[in-house]
Amino acid sequence: MAEVLVYVDHVDGAVRKPTLELLTLARRIGEPVAVHLGAGADEAAKVLGEHGAVKVLTADAAEFADYLVVPKVDALQAAYDAVSPAAVLVPSSAEGKEIAARLALRIGGGLITDAVDLEAGDEGPVATQSVFAASYSTKSRVTKGTPVITVKPNSAAPEAAPAAGTVEQLSVTFGKLATGTKVVSRTPRESTGRPELTEAAIVVSGGRGVNGAENFPLIEALADSLGGAVGASRAAVDAGWYPHTNQVGQTGKSVSPQLYIAAGISGAIQHRAGMQTSKTIVAINKDEEAPIFELVDYGVVGDLFQVVPQLTDEVKTRKG
Amino acid sequence: MSLRIVVCVKYVPDATGDRHFAEDLTVDRDDVDGLLSELDEYAVEQALQIADEADSEDAAEITVLTVGPEDAKDALRKALSMGAHKAVHVEDEDLHGTDALGTSLVLAKAVEHVGYDLVICGMASTDGGMGVLPALLAERLGVPQVSLLSEVSVDGTTVTGRRDGDAASEQLEASLPAVVSVTDQSGEARYPSFKGIMAAKKKPVESLDLSDLGIEADEVGLDGAWTKVDSATERPARTAGTIVKDEGEGGKQLAEFLAGQKFI
Ligand SMILES: Cc1cc2nc3c(=O)[nH]c(=O)nc-3n(C[C@H](O)[C@H](O)[C@H](O)COP(=O)(O)OP(=O)(O)OC[C@H]3O[C@@H](n4cnc5c(N)ncnc54)[C@H](O)[C@@H]3O)c2cc1C
Ligand SMILES: Nc1ncnc2c1ncn2[C@@H]1O[C@H](COP(=O)(O)O)[C@@H](O)[C@H]1O
């Protein structure tokens with residue numbers, strides 16, 4: 001069976017959930033071979049193997065952390081040369097897309113970004129994409145070279161599928177461009193202890209209606225009662241009430257949780273672009289004309305300062 | 001020697017309008033109003049700021065570049081009225097349906113034709129929104145990629161900037177020539193002044209076609225694309241949900257709904 005390269009997104013060997021989803025999708029096309037760059041390959045290999053990776057190709061070098069993007073492209077290309085896969089799958093993060101694009105250009109293969117589903121087709125993998133703020137769904141395929149496809153988080157449920165997950169060293173020679181952009185310093189983000197926004201099953205977002213940073217704890221409390229992540233509209237982020245990393249929408253994160261709750265958000269097209277594919281959508285807004293209500297499964301027209309705390313209390317009571 | 005800055009700007013269908021696909025499954029650019037992609041205004045703004053910070057008035061020359069249909073001139077005019085010095089428009093019938101890899105080829109050739117020390121792009125186009133062109137352009141030009149910056153500055157022949165990623169915020173540094181992309185966190189774009197709008201009318205716009213850039217028709221366009229859209233289906237409108245007015249029990253009613261859906 002043909003092999004499919006899967007680029008692993010991880011933090012020191014802790015594999016992030018979107019990679020496990022990719023392994024599930026990869027098995028529809030062929031045998032997944034994971035590419036793990038940086039530290040922690042042995043730890044990662046266990047999880048990758050449990051989810052279907054027959055092999056884990058790994059390389060560790062200072063270049064991966066010290067220079068932007070290109071060293072990882074060099075390594076992924078080395079894996080491509082070693083395996084000659086039927087397709088290359090990369091998680092759709094900002095960095096993932098850049099890596100995928102440069103690889104596609106180098107190997108002369110077509111590029112599809114932000115797939116939300118993937119199936120095998122007669123003429124290679126068929127990718128589903130959600131475009132124009134999710135108002136259209138398209139099916140595309142690559143017609144030249146090896147397909148390079150980036151896949152959004154929450155595109156499939158990770159399935160256990162035990163495979164060998166044998167770790168093999170990958171030998172990488174860095175090209176001249178690899179050291180072009182130096183990472184001079186790095187300030188890691190503080191962990192909030194909440195689920196990752198793009199991976200969370202439940203997201204609670206606040207907008208301009210939250211009316212100040214001092215009120216965001218209301219949104220956080222609701223998120224915490226449900227075990228969810230916290231999001232924000234651009235208006236709330238631009239006002240400095242919540243960090244940009246939590247922005248949902250066209251220029252922020254795109255989320256696709258089981259449940260999305262929007263409080264004090266009007267539902268502008270650019271916000272919708274990042275949440276429209278959520279399974280269940282709920283909104284709380286005092287303006288019954290707010291466009292967000294066109295999307296909702298359940299909406300409450302009311303003051304969020306009344307509704308949100310009451311909801312949080314009720315959730316806590318019901319959960320005991 | 002002045003710093004030669006090329007800003008890549010895209011003309012896109014208005015996102016607040018009704019966007020559709022044409023029969024050949026390319027983006028319908030005829031029936032919708034277009035404009036300069038808002039995210040590329042940030043790129044123009046950063047170019048202007050870098051030029052402002054340069055020592056003397058002619059220390060930097062800003063060229064705005066677009067690849068797109070006739071109407072894409074509107075995007076160039078807007079950028080010129082913001083303060084860019086000159087414009088280059090690559091237009092050719094054979095470009096219809098070009099994919100990202102093809103567009104990067106055209107942009108790379110055009111950037112080389114203009115001559116550059118620094119290329120500045122937006123973070124993503126607001127229509128296709130792949131966010132890959134800056135990386136592709138850097139790969140093609142063989143220069144450093146310094147992308148997704150929320151802060152950028154140029155000092156001599158060094159470009160530095162801050163990239164706010166998911167896991168960390170990184171301070172980056174590269175030597176010119178380089179390709180940069182900036183996010184919408186990099187600073188509000190200025191509005192064109194009346195004087196700027198008038199001045200823009202006299203600024204030079206160079207038109208180029210594929211043969212000017214030495215590109216063959218079959219390297220671009222629908223036929224040259226390495227990907228194919230087989231179908232585009234309009235997403236069914238979401239079925240109307242339940243909407244209640246809060247009369248004191250709104251939070252509890254919502255909890256009831258969430259419990260019914262097994263979220264609690
Ligand atoms: C290129 C571009 C990219 C963009 N990218 C994004 C993006 O990624 N994400 C994004 O979110 N936006 C984005 N925007 C901005 C977007 O157009 C909207 O301006 C933004 O989403 C508005 O945020 P909001 O809904 O919080 O604010 P508003 O539109 O001001 O809405 C606030 C809502 O809160 C309600 N409200 C007020 N008080 C209360 C209360 N006490 N109780 C209940 N409801 C209340 C109001 O009725 C109103 O509907 C982008 C715009 C552009 C041009
Ligand atoms: N047709 C085009 N003409 C000029 N610049 C473009 C074009 N397409 C994309 N760009 C630039 O590349 C950036 C990223 O675009 P994209 O990869 O399409 O999301 C945009 O913000 C522009 O700066």
Side-chain angles (χ1 to χ4, degrees), chain A residues 11 68-69 93-95 97-98 101-102 104-105 109-113 132 134-145 177 180-189 202 226 244-245 250-251 259 269-270 280 282 293 295-302 306-308 310-311 314-315 318-319, chain B residues 15-16 19 21 39 99-101 104 123 126 129-132 135-136 139-140 142-148 164-174 183-185 225-235 238 241-246 250-255 257-259 261 263-264:
Chain A
V11 181
L68 192 71
V69 173
S93 60
E95 182 184 64
K97 289 205 274 189
E98 294 179 333
R102 297 185 74 134
L105 188 55
L111 170 72
I112 293 176
T113 54
F132 292 162
S135 55
Y136 273 89
S137 167
T138 60
K139 286 195 190 296
S140 310
R141 69 201 148 76
V142 164
T143 49
K144 184 171 170 260
L177 285 176
T181 307
K182 193 163 172 41
V183 179
V184 183
S185 66
R186 177 178 284 118
T187 318
R189 255 173 228 307
I202 296 180
L226 292 162
H244 179 249
T245 29
Q250 188 187 348
T251 53
L259 171 64
I269 185 84
Q270 295 91 352
T280 298
V282 167
F293 285 127
L295 299 181
V296 298
D297 296 285
Y298 199 90
V300 179
V301 180
Q306 303 296 324
V307 179
V308 170
Q310 190 180 69
L311 173 58
E314 188 66 21
V315 173
R318 285 180 187 242
K319 283 196 168 175
Chain B
T16 55
R19 293 176 294 180
F21 282 92
L39 294 175
D99 65 2
L101 292 160
S104 72
M123 63 187 288
T126 55
M130 295 176 77
V132 296
L136 289 170
E139 177 76 31
R140 289 213 189 252
V143 303
Q145 161 194 336
V146 201
S147 53
L148 297 173
D164 295 323
D166 281 349
S169 178
E170 295 167 332
Q171 200 64 36
L172 305 178
E173 184 181 297
T183 71
D184 60 341
Q185 297 293 298
W226 297 0
T227 47
K228 187 171 184 304
V229 180
D230 284 326
S231 70
T233 334
E234 199 158 0
R235 209 183 146 84
R238 291 186 84 103
T242 312
I243 295 181
V244 299
K245 239 195 174 85
D246 177 35
K252 288 188 179 152
Q253 287 168 284
L254 193 43
F257 169 78
L258 295 180
Q261 302 283 315
F263 288 115
I264 307 176

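Protein chains get the first letters and strands the later ones, always in sequence-line order, with residue 1 at the start of each. Because only heavy atoms are used, hydrogens play no part in the values below, and waters and symmetry mates are left out as well, while side chains stay in.
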Within 6.0 angstrom of A/Lys319 NZ, more than 12 heavy atoms from elsewhere: yes
Enclosure of A/Lys182 NZ (heavy-atom neighbours >12, cutoff 6.0 Å): yes
Heavy-atom pair count under 4.5 Å with chain B, highest-scoring of A/His244, A/Arg186, A/Gln250, A/Arg141: A/Arg141
Chain B contacts, top residue of A/Val296, A/Thr280, A/Leu259 (heavy-atom pairs, under 4.5 Å): A/Leu259
Under 4.5 Å from a heavy atom of chain B, the part of [X] involved:
X	value
A/Val184	both
A/Ile269	side chain
A/Leu68	side chain
A/Val69	side chain
A/Leu111	both
A/Gln306	side chain
A/Thr181	both
A/Leu177	side chain

B/Glu139/A/Arg102 salt bridge by N-O under 4.0 Å criterion: yes
Which atoms of [X] approach chain A - backbone, side chain, both or neither, heavy atom under 4.5 Å:
X	value
B/Gln261	side chain
B/Leu101	side chain
B/Thr126	both
B/Met123	side chain

Whether A/Arg189 side chain and B/Gly165 backbone form a donor-acceptor pair below 3.5 Å: yes
Check: B/Asp99 side chain, B/Trp226 main-chain N or O, donor-acceptor pair, under 3.5 Å: yes
Partners passing side-chain hydrogen bond (donor to acceptor under 3.5 Å, both in side chains) against B/Asp184 (at least two apart in sequence or in another chain): A/Arg234, A/Thr251
Plane angle bin for A/Tyr136 and B/Phe21 - parallel if under 30°, tilted between 30 and 60°, otherwise perpendicular: perpendicular
Option that, when pairs with chain A are counted at under 4.5 Å, heavy atom only, ranks first among [options]:
options	result
B/Lys228, B/Lys245, B/Arg140	B/Lys228
B/Val143, B/Asp166, B/Leu148	B/Asp166
B/Ala225, B/Ala100, B/Gly241	B/Gly241

A/Leu226 side, atom CG; B/Ile264 side, atom CD1 - distance, nearest 0.5 Å: 6.0 Å
Atom of A/Gly180, atom of B/Ala174 and distance for their closest heavy-atom approach: O-CB, 3.4 Å
For B/Phe263, all residues meeting ring pair (Phe, Tyr, Trp, His ring centres under 6.0 Å), sequence neighbours excluded: none
Test item: side-chain donor near acceptor, B/Gln185 and B/Thr183, under 3.5 Å: no
